[in-house]
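First comes the structure, then the notes that go with it.
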Amino acid sequence: AQSVAQPEDQVNVAEGNPLTVKCTYSVSGNPYLFWYVQYPNRGLQFLLKYITGDNLVKGSYGFEAEFNKSQTSFHLKKPSALVSDSALYFCAVRAYGGATNKLIFGTGTLLAVQP
Amino acid sequence: GAGVSQSPSNKVTEKGKDVELRCDPISGHTALYWYRQSLGQGLEFLIYFQGNSAPDKSGLPSDRFSAERTGGSVSTLTIQRTQQEDSAVYLCASSLDAYLAKNIQYFGAGTRLSVL
């Protein structure tokens, strides 16, 4: 069965410092991975995806993610955090098998950036 | 439209009442998905449509939940005889189609359902 794990419920970082939000996955076959961000009382906004190709994927708002097949990880990173990056971040993997294209989400990581 | 539109944004109902939640996908998107976000369960898949057909209904939690899509556009999620455990944010998403894994799902702002 496919699954996604986000081991940290919350990540705290000071503004200007680099940030990392961790994600590991378990799939049979090639993984299709996504990061979404959710601001309060808003829906999910797409940040970036990995389908194939370069292991370092660049996305919106200066975020990037590194796909590591041997560690089955897809960590979200940003070189310099902003207070406005504070939000809930979700990692997701596309489900395989059967007639489905659903996303399986991790439990989310709350990012808090202190000024 | 410019994005996925959901209505109402908030819905308060009494236990036992039926509710309908509406989703209007991005124009031209043939795939539409419903998810539920709750404190205890996180983000969980409910059902998706390709056109007007629903190939995967596996996430619907009970037979009180149903969804339809007409004209390949607007979808309605209906919850009959609502229970307090149905309280959650119901999110709708759409994508160009459901076949290509690279197609991004774009989400609406959700409907927050509160069952008293």
Side-chain angles (χ1 to χ4, degrees), chain A residues 1-9 23 25 27-54 57 59-60 63 65 67 74 87-110, chain B residues 2-10 21 23-26 29-51 53-60 67 89-112:
Chain A
Q2 295 94 34
S3 64
V4 174
Q6 293 181 245
E8 302 155 317
D9 291 336
C23 172
Y25 64 89
V27 298
S28 52
N30 294 324
Y32 298 144
L33 298 157
F34 302 81
W35 275 101
Y36 284 83
V37 60
Q38 186 177 36
Y39 296 98
N41 299 315
R42 303 282 297 275
L44 276 67
Q45 294 181 29
F46 169 77
L47 279 179
L48 50 79
K49 64 181 179 181
Y50 173 82
I51 303 299
T52 187
D54 290 341
V57 178
S60 307
F63 284 93
F67 171 69
F74 189 55
L88 187 59
Y89 290 81
F90 289 96
C91 182
V93 64
R94 179 186 180 271
Y96 266 84
T100 186
N101 200 28
K102 66 186 179 186
L103 293 176
I104 298 171
F105 287 90
T107 50
T109 298
L110 184 64
Chain B
V4 178
S5 179
Q6 293 188 245
S7 62
S9 54
N10 284 283
L21 312 180
C23 174
D24 198 345
I26 293 172
H29 281 191
T30 63
L32 184 149
Y33 312 79
W34 284 99
Y35 294 86
R36 182 168 71 173
Q37 185 175 20
S38 57
L39 283 177
Q41 302 297 325
L43 259 166
E44 52 181 342
F45 167 82
L46 298 178
I47 184 173
Y48 93 94
F49 292 88
Q50 175 60 45
S53 300
D56 188 350
K57 307 179 184 179
S58 63
L60 294 178
V89 176
Y90 290 82
L91 293 168
C92 176
S94 70
S95 67
L96 281 172
D97 65 49
Y99 305 123
L100 295 179
K102 67 179 182 179
N103 286 339
I104 298 164
Q105 294 183 28
Y106 294 94
F107 283 78
T111 294
R112 182 175 298 276

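These numbers come from the heavy atoms of this one structure, side chains and all, not from hydrogens, waters or symmetry mates.
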Value rounded to 0.5 Å, distance of OG1 in A:T107 from CG in B:L43: 10.0 Å
Between NZ on residue A:K102 and CD1 on residue B:I47, distance to nearest 0.5 Å: 12.0 Å
Evaluation steps, side-chain contact (heavy atoms from CB on, under 4.5 Å), between A:Y32 and B:N103: CA-CA 10 Å; A:Y32 298 144; B:N103 286 339; over 6 Å; no
Main-chain N/O of A:L103 paired with B:Y33 side-chain donor or acceptor, under 3.5 Å: no
Looking only at non-hydrogen atoms, find the nearest pair between [X] and [Y] and report the distance.
X	Y	answer
B:Q105	A:Y36	O-OH, 2.6 Å
A:F90	B:Q37	CZ-NE2, 3.5 Å
A:L44	B:F107	O-CB, 3.4 Å

Residue pairs, two or more places apart or on separate chains, that pass salt bridge (Lys or Arg N to Asp or Glu O under 4.0 Å) and touch residues 37-46 of chain A: none
Contacting moiety of B:S58, where chain A heavy atoms sit under 4.5 Å: side chain
Engaged part of B:L91 at the chain A interface, taking heavy atoms whose separation is under 4.5 Å: side chain
Test ring-ring contact (aromatic ring centres under 6.0 Å, His included) applied to B:F49 - qualifying residues, sequence neighbours left out: none
Atom group of A:Q45 that falls short of 4.5 Å from chain B, counting heavy atoms: neither
